[in-house]
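Letters go in sequence order (proteins before strands), and every chain restarts at 1.
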Amino acid sequence: MDLSFTADDIAFRDEVRTWLRENVPAEPLPSLETERGFAAHREWERTLHAAGLSVVSWPVEFGGRNASLVRWLLFEEEYYAAGAPGRVGQNGIFLLAPTMFEHGTPEQQRRLLPRMASGEDVWAQAWSEPEAGSDLAGIRSRARRVPGGWRLSGQKTWSSRAAFADRAFGLFRSDPDAQRHRGLTYYLFPLDAEGVTVRPIGRLDGKPAFAEIFLDEVFVPDADVLGEVGAGWRVAMSTAGSERGLSLRSPGRFLAAARRLVESWNARGGDPAVRDRVVDAWIGAQAYRLATFETVTKVLDGASIGPEASLNKVFWSELDINLHETALELLGPEAELAADSPAAPDGGIWADGYLFSLAGPIYAGTNEIQRNVIAERVLGLPREPR
Amino acid sequence: MKFARTTGQLDMAEALRALLDSSGGAAVARSWADGDQEPWRRVWDRLGEMGLCGVAVPHRHGGLELDSVELALCLEELGYAGLPGPCLESIAVVPALLADTDAEQDWLPALAAGRAVATAAFTEHVPRALDADAAAVLFRCDGDSAAVARRPDGAPERSIDPTRRLWKLDSGGTTIAGARVAAAFDVGVLGCAAQSLGVARRLLDTSVRYVGERHQFGRPVGGFQAVKHHVANVALKIEFARPLLYGACLSLDSGAEHAPRDVSAAKLAAAEAAHFASRTALQVHGAIGYTAENDLQLWLTKATALRSAWGTAAWHRRRVADALADGCTAPIGS
């Protein structure tokens with residue numbers, strides 16, 4: 001057991017660190033949840049891609065560097081430590097891409113992954129429905145077989161950044177007679193296709209990129225079915241594993257937030273009133289980092305990530321809230337100031353981060369569902385009646 | 001970078017768990033609590049034969065000379081088994097205290113072989129020596145100095161854990177030149193964290209088994225979401241305390257400046273996991289868990305005792321806070 005990195009790993013980390021120091025915009029970009037910010041962040045994705053740093057863990061042929069999981073984690077630590085812009089392409093890069101590597105055809109991979117890597121295509125996730133949130137098997141949007149493909153109809157909702165994104169991936173009911181999760185298929189579709197209507201929904205933090213998507217007989221060719229017809233549930237579960245586990249929430253983000261919290265606390269004289277909470281938040285970020293290295297070690301040794309990903313999801317989502325709540329407590333009366341208020345402390349980063357962290361226990365499967373998964377599938381307790 | 005217990009390490013833990021399982025289990029703890037040391041001695045002899053008592057002792061004294069990771073792994077299993085006695089002191093603390101002193105030849109070979117047990121007190125955070133009546137040698141650490149202590153007279157203090165007898169040691173014994181008091185204390189903190197993690201795991205396993213068997217309203221109570229979420233929360237505490245424990249082992253072994261900070265973080269998380277596991281275990285067991293006849297009490301009270309032993313949560317938090325205030329933010333385990 002060790003935490004020593006190879007000379008090559010260190011060289012990679014140093015290269016990333018240097019590049020970020022020289023290239024991260026001095027002024028933060030406008031929020032990627034706004035139209036202007038979205039465009040600016042897409043431009044940043046292009047810059048990252050030109051430097052070979054947009055998808056370091058991907059194969060070289062799709063725009064990556066074939067970096068090991070360890071290097072990818074080091075990249076993430078450097079990325080967040082440098083205060084680099086949020087990843088507007090994250091739904092595609094971290095959720096769809098792992099699924100596509102596992103289930104996509106070579107043709108799909110060649111056609112779609114390089115455009116995703118360069119920021120040309122920004123993807124949105126179209127999973128949730130008004131009647132199906134964490135209970136994805138309750139999906140009602142349907143797919144009807146037609147010559148050469150399918151016609152999609154129905155309503156998707158709570159889709160992050162769908163207001164400005166180019167394409168979406170989602171589950172639809174392709175066999176209305178099959179039981180619950182057996183009749184689902186995974187489809188890819190453009191958000192500007194005929195029959196698609198996107199309606200933005202304002203978010204708690206006031207940002208307009210959240211949206212619902214209405215589909216009225218939208219044509220999708222067979223080439224844009226991901227995985228087998230009727231196997232959508234299984235295909236989707238591999239995305240859900242990525243979402244709860246490694247790829248969506250690498251530790252870099254929480255490490256950077258914890259370090260900023262410690263700095264803010266020190267800068268305010270080490271306020272004893274919040275000392276214990278600062279310590280616990282810092283330790284929590286360290287625990288998450290170490291637990292991730294443990295997972296990565298096991299994956300490199302051939303293990304696959306199963307229901308344990310649910311432990312991760314609950315942990316990081318609660319850690320994120322703790323970090324931000326502690327920061328707000330530390331800021332005192334200034335904590336109330338909205339992120340875009342000129343007087344907001346630390347550039348409004350805590351207010352913004354706090355509102356965003358509140359979504360953590362909800363998205364990627366609510367923490368209640370995750371706790372059921374932990375109890376039933378990790379600990380072996382009897383299943384809920386369903 | 002390979003941050004996971006190796007197959008060899010996991011096999012070692014499993015062998016130890018099998019040995020402890022077949023050695024009398026909870027009955028050993030109960031007899032020890034009643035003042036009968038014989039069943040415990042038989043287990044200790046077997047641990048000595050296996051080499052476990054010398055896991056942290058150098059080869060030249062007959063030990064296995066393994067790293068902190070293996071030491072923690074063993075102490076975790078002792079916590080899981082609920083084995084009483086001055087295990088942590090004999091296996092971990094005293095070997096660290098005597099390392100490279102003139103006294104090591106006097107005691108380490110006997111300790112490594114399991115022929116002798118030792119115990120120790122540290123003025124500030126371990127004010128009473130655990131189970132001094134069972135130990136062949138007692139050490140009293142005061143500030144930077146350590147001395148062999150005289151056997152105490154009179155009766156011990158009773159711990160909230162019925163298997164722990166606590167003795168006040170007099171000052172004034174022979175001083176041990178060059179004893180590494182601070183290092184030995186940190187090894188004690190780490191070992192206490194490891195034992196606590198084992199206790200937490202045992203409480204979780206016991207709870208999971210019980211709620212799977214116990215029926216109410218015609219169903220196992222483990223089928224109710226309220227109960228599931230309780231035990232899932234315990235699993236979460238354990239899952240994210242363990243990496244801190246093993247991270248602290250790496251810091252300790254590399255001699256990192258921040259090792260004291262890291263063992264404190266591990267102790268905080270492991271003690272919290274054990275405490276939370278004990279509260280939850282009692283809740284999901286219901287009234288049966290509150291009885292002395294149910295074995296749950298053995299781990300439940302140990303979790304409480306270990307929580308304030310080797311430094312309270314408040315003290316360890318302050319130690320981490322002081323390190324962070326000094327700008328020591330290097331990652332744990334680096």
Side-chain angles (χ1 to χ4, degrees), chain A residues 1-6 9 68 70 73-74 77 255 258-259 262-263 265-266 270 272 275-276 278-280 282-284 286-298 300-301 303 308 310-312 314-315 318-319 367-368 370-376 378-385, chain B residues 1-7 9 67 69 204-205 207-208 211-212 219-225 227-236 239-244 246-247 249-251 253-254 262 264-266 268-269 272 313-314 316-322 324-325 327 329 331-334:
Chain A
M1 179 182 273
D2 70 72
L3 277 171
S4 54
F5 301 101
T6 65
D9 290 341
S68 67
V70 171
L73 286 172
L74 292 176
E77 286 185 13
L255 288 170
R259 189 162 46 233
V262 169
E263 281 164 10
W265 176 66
N266 275 330
R275 186 191 65 196
D276 289 358
V278 170
V279 167
D280 287 348
W282 183 82
I283 292 176
Q286 293 290 315
Y288 189 57
R289 174 178 195 258
L290 292 167
T292 305
F293 279 133
E294 187 173 348
T295 304
V296 162
T297 302
K298 289 175 178 169
L300 293 175
D301 285 345
E308 308 82 36
S310 294
L311 288 158
N312 267 22
V314 176
F315 189 81
E318 294 188 344
L319 170 64
N367 284 9
E368 285 71 24
Q370 304 311 320
R371 285 186 164 91
N372 285 355
V373 173
I374 294 165
E376 294 172 8
V378 180
L379 301 175
L381 291 186
R383 286 172 66 86
E384 284 279 304
Chain B
M1 198 290 304
K2 277 198 169 294
F3 187 75
R5 289 159 297 170
T6 64
T7 312
Q9 287 164 343
D67 288 336
V69 175
L204 175 62
D205 286 357
S207 300
V208 165
V211 302
R219 300 164 52 185
V221 296
F224 293 104
Q225 193 174 58
V227 174
K228 279 183 191 171
H229 287 194
H230 277 320
V231 290
N233 287 334
V234 175
L236 277 159
E239 206 61 34
F240 290 92
R242 187 192 290 119
L244 290 169
Y246 290 100
C249 289
L250 297 183
S251 301
D253 285 341
S254 68
D262 298 353
S264 283
L268 274 169
E272 167 65 15
H316 285 294
R317 268 203 187 85
R318 177 182 288 268
R319 192 155 78 145
V320 177
D322 288 347
L324 295 179
T329 52
I332 289 179
S334 63

Discussion item. Could you check whether any side-chain heavy atom of B/Phe3 comes within less than 4.5 Å of a side-chain heavy atom of A/Leu290, counting everything from C-beta outward?
Written reply: yes
With respect to chain A, which residue among [options] yields the maximal number of heavy-atom pairs within a distance under 4.5 Å?
options	answer
B/Asp262, B/Asn233, B/Leu204, B/Asp253	B/Asn233
B/Gln225, B/Glu272, B/Glu239	B/Gln225
B/Gly212, B/Ala269, B/Pro331	B/Pro331

Between chain B and each of [options], count heavy-atom pairs under 4.5 Å; write down the option with the most.
options	value
A/Val262, A/Val378, A/Val70, A/Asn266	A/Asn266
A/Val278, A/Leu255, A/Asp280, A/Leu300	A/Asp280
A/Arg259, A/Glu368, A/Lys298	A/Glu368

How long is the gap from [atom1] on [X] to [atom2] on [Y], to the nearest 0.5 Å?
X	Y	atom1	atom2	result
B/Leu244	A/Gln286	CG	CD	8.0 Å
B/His229	A/Asn367	NE2	CG	9.5 Å
A/Glu318	B/Leu236	CD	CG	7.0 Å
B/Arg318	A/Asp276	CZ	CG	9.0 Å
A/Ile283	B/Leu324	CD1	CG	8.0 Å

What closest approach, in Å, do [X] and [Y] show between heavy atoms, and which atom pair accounts for it?
X	Y	value
A/Glu294	B/Ala4	CG-CB, 4.0 Å
B/Ile332	A/Arg289	O-NH1, 4.4 Å
B/Ala232	A/Arg371	CB-O, 3.6 Å
B/Val211	A/Leu381	CG2-CD2, 3.5 Å
A/Ile374	B/Ala235	CG2-CB, 4.2 Å
B/Lys228	A/Pro382	NZ-O, 2.8 Å

Discussion item. With a 4.5 angstrom heavy-atom cut-off, is it the side chain or the backbone of B/Val69 that approaches chain A, or both, or neither?
Written reply: side chain
Worksheet, complete the sentence: If one checks every heavy atom of B/Leu250 against chain A at 4.5 Å, the contacting part turns out to be side chain
Item to complete: With a 4.5 angstrom heavy-atom cut-off, could you sort out which part of A/Asp301 is near chain B: side chain, backbone, both or neither?
Response: side chain
Discussion item. Below 30° counts as parallel, above 60° as perpendicular, anything between as tilted: where do the rings of A/Phe315 and B/Phe240 land?
Written reply: parallel
